[in-house]
Amino acid sequence: MAMEKMSIAKALNESLRKALDNDPKVLIMGEDVGKLGGVFRITDGLQKDFGEDRVIDTPLAESGIVGTAIGLALRGYRPVVEIQFDGFVFPAYDQIVTQLAKMHARALGKIKLPVVIRIPYGGGIGAVEHHSESPEALFAHVAGLKVVSPSNASDAYWMMQQAVQSDDPIIFFEPKRRYWDKGEVETDTIPGPLHKASVARTGTDLTLVAYGPMVKVCLEAAAAAQEEGKSIEVLDLRSMSPIDFDAIQTSVEKTGRLVVVHEAPVFYGSGAEIAARITERCFYHLEAPVLRVGGYHAPYPPARLEDEYLPGLDRVLDAVDRSLAY
Amino acid sequence: MTVESTAARKPRRSSKRTSAVKTTAKTSAKTPQSSEPELVQLLTPEGERLEHPDYSIDLTAEELRGLYRDMVLTRRFDAEATALQRQGELGLWASLLGQEAAQIGSGRALRDDDYVFPTYREHGVAWCRGVDPTNLLGMFRGVNHGGWDPNTNNFHLYTIVIGSQTLHATGYAMGVAKDGADSAVIAYFGDGASSQGDVAESFTFSAVYNAPVVFFCQNNQWAISEPTEKQTRVPLYQRAQGFGFPGVRVDGNDVLACLAVTRSALERARRGEGPTLVEAFTYRMGAHTTSDDPTKYRADEERAAWEAKDPILRLRTYLEKEGAADEAFFTALDEESEALGKRVREAVRAMPDPDPIAIFDNVYADGNPLVDEERAQFAAYQASFADTAEEGK
């Protein structure tokens with residue numbers, strides 16, 4: 001067993017390196033991914049070691065990046081493209097939604113589109129406009145796409161390689177404010193399938209479901225609640241499409257209570273989908289309505305207000321208290 | 001009025017222009033501001049053969065007859081599809097009437113290992129690729145959204161979102177270059193698509209990466225109701241210059257010129273010299289689609305003027321003048337046309353609706369539990385009707 005401690009950023013870098021090493025058809029594409037190694041240095045050193053033909057600096061044109069990646073995938077390549085920030089994906093949204101997501105079905109399954117779109121997402125880094133958004137629901141809503149987000153270094157390491165190997169288009173959301181969080185990575189053995197949720201902490205009184213950047217907040221909330229004698233289970237969803245509803249159901253059947261936490265606006269968000277499905281599946285097990293904690297129906301605020309906007313420990317604990325009060 | 005300004009920009013057909021016809025990639029690059037750009041023409045509307053210093057072509061009588069046959073059969077297929085739409089057999093049809101030379105000329109310039117990224121009107125190109133024409137009708141009948149394997153004939157699915165496929169073509173061409181292959185890629189689009197950001201981005205990417213791709217723009221003068229003047233203030237082929245590769249305007253109703261110019265652009269791509277923009281100056285004789293009404297936005301005189309430049313008639317005149325085809329050839333082709341029409345008609349009417357459960361097929365390559373769950377629910381729901389029907393007996 002090879003166990004290494006590394007940051008999420010390093011884990012992604014190592015994972016991409018391994019993917020490039022394992023398969024000559026894997027390509028990295030994006031703005032500044034070459035010499036600079038990406039603005040977050042996720043692709044640091046890869047162009048130096050694999051060359052400009054494998055790690056490709058692109059023109060500043062998001063639709064072009066995704067559109068040409070589609071063409072490269074049709075030619076047999078496996079492009080991993082980087083969108084520099086969440087809010088910049090929209091010029092490529094047309095290519096992702098109208099082309100990438102549907103081409104496999106339109107060809108009656110005869111062609112495959114193994115394209116990974118990496119998007120550093122979410123707030124908490126004091127950035128300017130368009131650099132802090134959580135648009136995952138917009139992609140999860142589209143059939144043909146799969147949407148995932150790791151919350152820790154080990155998942156970052158393995159989920160990226162699994163995404164690259166997938167024959168489906170994967171939108172890979174990277175929690176940018178967690179890039180520098182370190183964790184243990186077991187580099188030899190794959191821990192589990194890409195779209196399975198994992199239990200980040202066991203508990204018996206209530207289930208918190210989160211993914212990406214909010215898993216850490218939920219773990220902190222569970223630890224704080226423990227001091228008040230409450231036993232909280234934290235489920236790390238890992239995949240927002242498909243969603244591992246079985247894992248949520250198992251947990252909710254045990255705890256009877258569910259709070260879903262995400263940074264994205266609550267309205268029409270992934271929490272709504274989880275609440276609806278779990279209510280259908282677990283109606284007689286629920287001791288309280290499924291509650292949601294997330295962003296507001298307002299543009300992501302200026303950085304000085306983002307701590308008010310983002311769900312923090314207090315808002316999560318408040319929802320826990322409300323649920324337990326039923 | 002826009003129609004008049006369109007007419008004013010039209011290149012005048014005249015055999016006197018023989019010696020003046022010399023617009024090429026090279027000269028166009030030198031004269032980007034030319035107000036009335038000339039176009040490459042090898043066969044006049046009167047069926048006279050012209051020579052061109054940069055685009056000479058020498059075809060055997062058999063090859064000429066082949067091009068004629070392709071155009072006639074493509075037009076026949078198109079007419080049949082239009083009729084089938086009128087009969088309610090197709091939900092929609094996008095006719096290529098008038099654009100046969102642009103499509104057959106460019107299509108016959110391709111090698112088998114080249115790859116085509118069409119828009120939704122490239123029935124003639126599909127014909128050249130050996131795609132069974134009845135395959136093209138599935139999406140218009142509403143039984144699929146494409147439905148063929150693009151790799152069988154190196155002919156990608158029709159793309160409805162305007163201009164998207166130019167990026168797919170560019171990416172594919174980048175892959176061809178990476179593979180060290182010497183095949184080329186061709187992307188079809190229209191004058192309306194030239195306004196799309198994706199087309200501009202595909203120009204940028206293809207130039208930057210020197211991708212072996214030919215952009216074949218069929219400027220048929222109208223993007224539904226909007227004339228070319230609503231898309232551009234410079235002749236379309238000149239757009240290429242700003243991106244750093246050559247553009248050339250060809251008479252899109254001249255199958256010989258379209259063949260010669262496309263062949264030259266493809267060879268250039270194969271040599272590793274990068275992209276070329278070919279603007280085939282042509283005319284959409286019919287409606288944009290069967291849902292469109294061109295009488296609301298364009299004058300009859302305009303259509304009549306273009307009718308005189310018909311791509312099929314001019315080649316027929318030439319074939320007859322040269323003695324390259326006899327009456328037996330034309331008679332046999334008439335019969336073949338009718339047989340094709342009949343085959344298409346019967347095939348469409350026999351085309352079954354897909355099994356409803358196919359809604360859930362091929363959504364994902366690696367599967368998805370949500371799709372599986374919904375498929376099972378749908379199957380159970382469908383089955384419940386069978387139970388009801390049985391109970392009723």
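Protein chains get the first letters and strands the later ones, always in sequence-line order, with residue 1 at the start of each.
Note on B/Gly175, B/Gly367, B/Ala365: by heavy-atom pairs under 4.5 Å with chain A, the leading option is B/Ala365. By number of non-hydrogen pairs under 4.5 angstrom with chain A, the leading residue of B/His145, B/Gln165, B/Met139 is B/His145. Top candidate by heavy-atom pairs under 4.5 Å with chain B, chosen from A/Ala105, A/Ala107, A/Pro59, is A/Pro59. Contact count versus chain A (heavy atoms, under 4.5 Å) is highest, among B/Thr159, B/Ile160, B/Val161, for B/Val161. Options A/Val66, A/Ile56, A/Asp246 differ in how many heavy-atom pairs under 4.5 Å they form with chain B, and the most are formed by A/Ile56. Looking only at heavy-atom pairs under 4.5 Å with chain A, the residue among B/Val363, B/Asp179, B/Asn144, B/Val208 that has the most is B/Asp179. When each of B/Thr170, B/Asn151, B/Asp198 is checked for heavy-atom pairs under 4.5 Å with chain A, B/Asp198 comes out on top.
Taken to the nearest 0.5 Å, the CZ atom of B/Phe205 stands 5.0 Å off from the CD1 atom of A/Ile65. In this structure, NE2 in A/His195 is found 7.5 Å from CG in B/Asn368, a value given to the nearest 0.5 Å. Between the CG atom of B/Leu167 and the CD atom of A/Gln95 there is a distance of 5.0 Å, given to the nearest 0.5 Å. The distance from the CD1 atom of B/Ile162 to the CG atom of A/Asp94 is 11.0 Å, given to the nearest 0.5 Å. Here CE of A/Met103 is found 4.0 Å from NE2 of B/His168. Values are rounded to the nearest 0.5 Å. The line from OG1 of A/Thr68 to OH of B/Tyr172 is 15.0 Å long, rounded to the nearest 0.5 Å.
Residue A/Lys102: no heavy atom, backbone or side chain, is found under 4.5 Å from chain B. Residue A/Ala61 touches chain B through both its backbone and its side chain, counting heavy-atom pairs closer than 4.5 Å. With a threshold of 4.5 angstrom between heavy atoms, B/Phe117 approaches chain A through side-chain atoms but not through N, CA, C or O. Heavy atoms closer than 4.5 Å to chain B are found in the side chain of A/Thr98, but not in its backbone. Looking at B/Glu374, only its side chain comes within 4.5 Å of chain A, counting heavy atoms on both sides. Of the atoms belonging to B/Val176, heavy atoms from both backbone and side chain fall under 4.5 Å from chain A. At a 4.5 Å heavy-atom cutoff, the contact between A/Leu145 and chain B is made by backbone atoms alone. Only the side chain of B/Ala181 comes within contact range of chain A, judged by heavy atoms closer than 4.5 Å. Looking at B/Glu373, the atoms closer than 4.5 Å to chain A (heavy atoms on both sides) all sit in the side chain, from C-beta outward. Contacts of B/Ser202 with chain A are absent, with no heavy-atom separation under 4.5 Å from either backbone or side chain.
Ion pairing between a basic and an acidic side chain is recognised when a charged N comes within 4.0 Å of a carboxylate O; B/Asp366 and A/Lys112 show no such pairing. Between A/Glu52 and B/Lys178 there is no salt bridge, since none of the side-chain N atoms of the basic residue sits less than 4.0 Å from a carboxylate O of the acidic one.
Residues B/Leu370 and A/Arg277 are in side-chain contact: their nearest non-hydrogen atoms beyond the backbone lie under 4.5 Å apart.
Using modelled atom types, no side-chain atom of A/Arg106 and backbone atom of B/Gly146 make a donor-acceptor pair closer than 3.5 Å.
Of all the heavy atoms in B/Ser183 and A/Arg75, the pair that sits closest is OG-NH1, 4.4 Å. Minimum interatomic distance between A/Ile111 and B/Pro150 (heavy atoms only, all atoms of both residues): CG2-CD, 3.8 Å. Of all heavy-atom pairs spanning A/Ser241 and B/Tyr364, the tightest one is OG-OH, 4.1 Å.
With a 6.0 Å radius and a threshold of 12 heavy atoms from other residues, nucleotides or ligands, A/Lys254 has its NZ atom above the threshold. Applying the 6.0 Å contact sphere to OH of A/Tyr268 captures no more than 12 heavy atoms from other residues, nucleotides or ligands. Within 6.0 Å of CG in B/Asp112 there are 12 or fewer heavy atoms belonging to other residues, nucleotides or ligands.
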